[in-house]
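Worksheet for the structure shown next.
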Amino acid sequence: DAGVIQSPRHEVTEMGQEVTLRCKPISGHDYLFWYRQTMMRGLELLIYFNNNVPIDDSGMPEDRFSAKMPNASFSTLKIQPSEPRDSAVYFCASSQSRSVAYFGPGTRLTVT
Amino acid sequence: DAKTTQPPSMDCAEGRAANLPCNHSTISGNEYVYWYRQIHSQGPQYIIHGLKNNETNEMASLIITEDRKSSTLILPHATLRDTAVYYCIVPRNRDDKIIFGKGTRLHILP
């Protein structure tokens with residue numbers, strides 16, 4: 001099993017541009033989580049899905065952020081427009097059973 | 001989540017057992033204790049979880065006190081590769097969210 005796959009691994013973009021982060025969960029996992037990590041705020045849960053349905057998006061910072069899961073094998077996190085304060089490492093994780101999650105390698109986003 | 005308290009940092013000599021404590025005095029009902037770790041520049045990694053009894057796997061052992069108000073993660077023979085931030089998490093039983101606190105930064109000393 002390849003584990004959770006995230007792309008791109010690194011993204012550098014200018015303020016105001018749209019950014020799309022992608023995640024392929026582990027096959028057979030019912031849960032998908034998006035996290036953001038910064039030095040100041042640590043690991044923050046942004047949103048999670050169960051069976052492709054968003055369950056809790058209370059961690060999404062504002063309307064500029066949106067996440068979708070069109071099918072069981074793919075999810076996107078979109079930021080539009082991006083701002084320098086969105087610079088962070090974004091992790092995707094998937095889980096088959098409650099609270100035992102497997103994380104991807106992360107996408108390091110830099111917004112200049 | 002049930003509130004957890006961990007020391008911000010610890011040191012351990014290479015080859016010795018690393019014992020990482022976690023206080024979760026407000027744990028209730030059938031809430032489990034989970035441990036994850038994050039090695040620098042990597043995603044968090046699941047280590048082990050338990051409810052009441054002690055648990056052991058290929059990575060670590062988990063000792064939970066009888067009153068369940070605290071637990072200890074034990075890495076029996078720490079290596080330099082075990083240098084990481086270790087997170088103790090107690091998710092709410094009715095919820096599926098995994099919320100990370102500040103964790104313990106473990107330094108393995110050569």
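If you're wondering where the values come from, they're calculated on a predicted model, not measured in any experiment. In what follows, chains are A, B, ... by sequence order, proteins preceding strands, each numbered from 1.
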Contacting moiety of A:Leu43, where chain B heavy atoms sit under 4.5 Å = both

In terms of heavy-atom pairs under 4.5 Å with chain A, which of B:Gln45, B:His49, B:Gln38 leads?
-> B:Gln38

For the residue pair B:His24 and B:Ser71, confirm or rule out a side-chain donor-acceptor distance under 3.5 Å.
-> yes

Angle class for the A:His29/A:Tyr102 ring planes (parallel below 30°, perpendicular above 60°, tilted otherwise)?
-> tilted

Would you call B:Glu14 and B:Arg81 a salt bridge, using N to O less than 4.0 angstrom?
-> no

Electrostatic pair A:Arg108:A:Glu11 at N-O distance under 4.0 angstrom | no

Where does A:Gln37 contact chain B at under 4.5 Å (heavy atoms): side chain, backbone, both or neither?
-> side chain

